[in-house]
Amino acid sequence: MNAEQQARCDIVEVGRRLWERGYVASNDGNISVRLDEQRLITTPKNVSKGFMTVDMMVITDLDGKRIAGDREPSSELKMHLTALTRRPDVGACVHGHPSCATTFAILGIPLTPEGVPEFDTTIGSVPLAPYAKPSTAAVGESIAGLLDTADAILLERHGVLTVGADLDSAYFKMETVERFAEMIWRAL
């Protein structure tokens, strides 16, 4: 299996996990993986992440121009492109709306790990990006500076973005953020 085929399979699997855990509903969320220096593969627009198939994926260049695929790329592609072009170490991005973490994002409260050493050593603080209308270039602009020090960002009134060297890393950070948010919520 080549890198593109593997990325397609991995995106389908992570999409299923996001959907099964309730981190996305309906057609929410999006996933992208860097294929090489010029291309990425992303989830299509308007498809449930729990019911994707490998043939649905879309390949774009790093300017967002579609190269391959019958569908439109994710509506949040601009946000993913910001992360992938700003951080050469980022190989994948996951965006979702996990309930507890998104509640903090709606309330405008960043997640800080004081008193929870496990999170301090694994993910650290999860800053809050200022509100930007979803699916616009403004979302990418709102996260740009935060990406310099964070692999997980709350998007005010919107959800969560996690990034990692690979898709597993980005996905597991999403799980960690939601677990972190749940513990803080219970403590409050």
Next on the checklist: Quick check on side-chain contact (heavy atoms from CB on, under 4.5 Å): which of Ile41, Thr43, Thr60 does Pro73 satisfy it with?
Outcome noted: Thr60
Give a yes-or-no answer on whether the side chains of [X] and [Y] include a donor-acceptor pair shorter than 3.5 Å.
{"X": "Ser135", "Y": "Ser75", "value": "yes"}
{"X": "Asp28", "Y": "Ser26", "value": "no"}
{"X": "Asn2", "Y": "Gln6", "value": "no"}

Next on the checklist: Is there a continuous path of hydrophobic side-chain contacts, each under 4.5 Å between heavy atoms, that joins Ile59 to Met56?
Outcome noted: yes
Checklist entry - Should Ile153 and Ile106 be regarded as members of a common hydrophobic cluster, given that ILVMFWY residues are connected when their side-chain heavy atoms come within less than 4.5 Å of each other, either directly or indirectly? => result no
Item to check | Asp61/Arg66 ion pair, N-O < 4.0 Å | outcome: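 Here Asp61 does not pair with Arg66 in a salt bridge, since their nearest N and O are not under 4.0 Å apart.
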Item to check | Sidechain N-carboxylate O distance under 4.0 Å for Glu175, Arg179 | outcome: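 No salt bridge links Glu175 with Arg179.
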Checklist entry - What pairs with Glu20 under salt bridge (Lys or Arg N to Asp or Glu O under 4.0 Å), at least two apart in sequence or on another chain? => result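 If we apply the salt bridge (Lys or Arg N to Asp or Glu O under 4.0 Å) test to Glu20, skipping adjacent residues, the hits are Arg16.
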Item to check | For Glu182, salt bridge (Lys or Arg N to Asp or Glu O under 4.0 Å) partners two or more places apart | outcome: none
Next on the checklist: Are more than 12 heavy atoms, taken from residues, nucleotides or ligands other than Asp89, located less than 6.0 Å from that residue's CG atom?
Outcome noted: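 Counting other residues, nucleotides and ligands, CG of Asp89 exceeds 12 neighbours.
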Item to check | Arg87, CZ atom: more than 12 neighbouring heavy atoms under 6.0 Å | outcome: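 Count over threshold, so yes.
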Item to check | Nearest-0.5 Å distance, CE of residue Met183 to CG of residue Leu188 | outcome: 12.5 Å
Checklist entry - Once the angle between the rings of Phe104 and Trp185 is folded into 0 to 90°, is it parallel (under 30°), tilted (30 to 60°) or perpendicular (over 60°)? => result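 Correct class here is perpendicular.
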Next on the checklist: Counting C-beta onward and ignoring hydrogens, is there a side-chain heavy-atom pair between Leu84 and Cys93 closer than 4.5 Å?
Outcome noted: yes
